[in-house]
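Worksheet for the structure shown next.
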Amino acid sequence: MTGRIFFGGTNAYQNYRAFSRFVRAVPLTLVYEMEEAFRVPVRMTEIAKSELITGGAGLDCEVAFTATGQFYKNVSGYSGTLSIGGKIYPYEYTYAYADVTQNTLMIDSDSHGDSPCKVTVYGPCVNPVWKHYVNNVLYETGKYEGSIPDGHKLVIDTTQIPYSITERGVSDEVVADRYQMCDFTTERFFHLQYGGNRISVVHEGLNILNVMVEGRISYETV
């Protein structure tokens, strides 16, 4: 991805140097806005420093970025309520479907590729089970064999490599790696699929769970 960046004003050289330091940071994300905002992880592969344009208006510099992953669109939903960034619906069943009555989110994906997501289960919870349905067919499941106390959360994350299952505290700090305490007869990690994705979480405790799902709908091009 190529283009030009103009650094204007009397501080053009300072602004250029500040920008060149900034883009060395990793990971770096480029935001591409059309009718929707898409993001793509990138690294800068070229920035050509020019001289001041006649009259001292500023520096007109050519830049080039190389994508290190696919374009994606953020989606998120919390405890079955309407949220932003894609089609996310409140999802409620009658008592006949008690296993997914409260703690369910529905996310539509228009991408045919696997799209990573992060499932966050807020404590207190006991032996939580998370299920992923694609177009109303059970697709994959996961289970944690243990308890998460009040104020902590269990985070199942495929948006970062390596994938992880961790217990986190109130400031999102990692309390412990909980991967080894999961049921290895289940898939554990989820990727959103084309169509309707329903994610539900149940547990053996008496309280209603609060659940968040954050997805990255991935595209080869936009």
Side-chain angles (χ1 to χ4, degrees), residues 1-3 23 25-44 65-93 100 102-122 128-142 144 153-166 168 172 179 182 186-202 209-222:
M1 292 167 280
T2 61
V23 293
V26 290
L28 190 67
T29 301
L30 187 147
V31 179
Y32 180 46
E33 292 188 352
M34 300 184 293
E35 71 279 1
E36 296 181 278
F38 297 90
R39 290 168 168 79
V40 60
V42 297
R43 60 182 176 86
M44 173 164 277
F65 296 93
T66 298
T68 59
Q70 292 185 321
F71 286 90
Y72 65 90
K73 177 176 61 178
N74 285 329
V75 295
S76 62
Y78 179 75
S79 291
T81 59
L82 186 66
S83 188
I84 61 173
K87 295 180 180 178
I88 303 175
Y89 309 95
Y91 217 84
E92 296 181 358
Y93 284 101
V100 289
Q102 295 293 334
N103 311 310
T104 299
L105 291 164
M106 184 75 180
I107 298 177
D108 278 352
S109 173
D110 58 357
S111 170
H112 287 276
D114 290 347
S115 297
C117 69
K118 181 192 299 184
V119 180
T120 301
V121 184
Y122 293 87
V129 176
W130 48 101
K131 300 179 182 180
H132 180 199
Y133 298 82
V134 179
N135 299 320
N136 293 320
V137 176
L138 182 62
Y139 188 72
E140 51 199 355
T141 64
Y144 170 70
K153 55 192 176 183
L154 184 69
V155 180
I156 304 99
D157 190 3
T158 62
T159 65
Q160 302 291 332
I161 296 176
Y163 301 161
S164 63
I165 301 177
T166 56
R168 294 177 176 265
D172 204 40
Y179 176 74
C182 291
T186 65
E187 292 83 4
R188 301 177 301 284
F189 296 109
F190 291 174
H191 284 81
L192 304 177
Q193 303 296 309
Y194 179 77
N197 295 265
R198 173 162 45 100
I199 295 177
S200 66
V201 184
V202 295
L209 291 178
N210 289 321
V211 179
M212 177 180 284
V213 177
E214 300 165 90
R216 292 183 175 182
I217 307 299
S218 301
Y219 304 89
E220 293 184 357
T221 185
V222 294

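These figures come from a predicted structure and were not determined experimentally.
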Open item on the list: Keeping Ser218 on the side-chain end and Ser115 on the backbone end, is there a donor-acceptor pair under 3.5 Å?
Closed with: no
Task: Atom pair CD/NE2 of Glu220 and His112 - distance to nearest 0.5 Å - done: 11.0 Å
Open item on the list: In the structure I gave you, are the side-chain heavy atoms of Thr104 and Met106 within less than 4.5 Å of one another anywhere?
Closed with: no
Open item on the list: Donor-acceptor pair, distance only, cut-off 3.5 Å: does the side chain of Thr158 make one with the backbone of Cys117?
Closed with: yes
- [ ] Quick one: closest heavy-atom pair of Asp108 and Gly196, and the distance?
- [x] OD1-CA, 3.5 Å
- [ ] Measure from the side-chain N and O atoms of Ser109 to the backbone N and O of Ser111, and report whether any donor-acceptor pair falls under 3.5 Å.
- [x] yes
TODO: Can you establish whether the number of heavy atoms outside Ile161 located under 6.0 Å from its atom CD1 is more than 12?
DONE: no
Task: Side-chain heavy atoms of Val155 within contact of Lys118, under 4.5 Å - done: yes
Task: Check against side-chain contact (heavy atoms from CB on, under 4.5 Å), Val222 and Glu36 - done: CA-CA 10 Å; Val222 294; Glu36 296 181 278; over 6 Å; no
Task: Separation between CD of Gln70 and CG of Asp114, rounded to the nearest 0.5 Å - done: 9.5 Å
- [ ] Write down the atom of Leu105, the atom of Met212, and the distance for their closest heavy-atom approach.
- [x] CD1-C, 4.2 Å
TODO: Side-chain contact test, heavy atoms from C-beta onward, threshold under 4.5 Å: evaluate it for Trp130 versus Val213 and give yes or no.
DONE: no
Task: Approximate separation, where rounding is to 0.5 Å, of Phe71 CZ and Leu30 CG - done: 7.5 Å
- [ ] Might you point out which heavy atoms bring Val202 and Leu209 nearest each other, and give the distance in Å?
- [x] C-CD1, 4.2 Å
Open item on the list: I want to know whether Tyr163 and Phe189 have ring centres closer than 6.0 Å.
Closed with: yes
TODO: To the nearest 0.5 Å, tell me how far Phe38 CZ sits from Tyr32 OH.
DONE: 9.0 Å
TODO: Identify the two heavy atoms, one from Cys182 and one from Ile165, that lie closest to each other, and give their separation to 0.1 Å.
DONE: SG-CD1, 3.5 Å
Task: Side chain proximity check, Leu28 to Val23, heavy atoms < 4.5 angstrom - done: yes
TODO: First locate atom OG1 of Thr159, then atom CG of Asn74, and finally report the distance between them rounded to the nearest 0.5 Å.
DONE: 9.5 Å
- [ ] Look only at the side chain of Asn197 and the backbone of Gly195, and say whether a donor-acceptor pair between them is shorter than 3.5 Å.
- [x] yes
- [ ] Taking the side chain as every heavy atom from C-beta outward, state whether Glu187 and Thr141 have any pair of such atoms under 4.5 Å apart.
- [x] yes
Task: Heavy-atom side-chain contact between Glu214 and Asp157 under 4.5 Å - done: no
Open item on the list: Quick one about Tyr194 and Asn135 (side-chain donor to acceptor, distance below 3.5 Å, no hydrogens or angles considered), yes or no?
Closed with: no
Open item on the list: For Val134 and Glu140: C-alpha separation, side-chain torsions, deciding distance, then whether side-chain contact (heavy atoms from CB on, under 4.5 Å) applies.
Closed with: CA-CA 9 Å; Val134 179; Glu140 51 199 355; over 6 Å; no
Task: Atom pair NE2/CG of His132 and Leu192 - distance to nearest 0.5 Å - done: 5.5 Å
Open item on the list: One pair to check against side-chain contact (heavy atoms from CB on, under 4.5 Å): Val201 and Tyr122. What are the steps and the verdict?
Closed with: CA-CA 11 Å; Val201 184; Tyr122 293 87; over 6 Å; no
TODO: Test side-chain contact (heavy atoms from CB on, under 4.5 Å) on Asn136 and Arg198 and set out the steps.
DONE: CA-CA 7 Å; Asn136 293 320; Arg198 173 162 45 100; 3.4 Å; yes
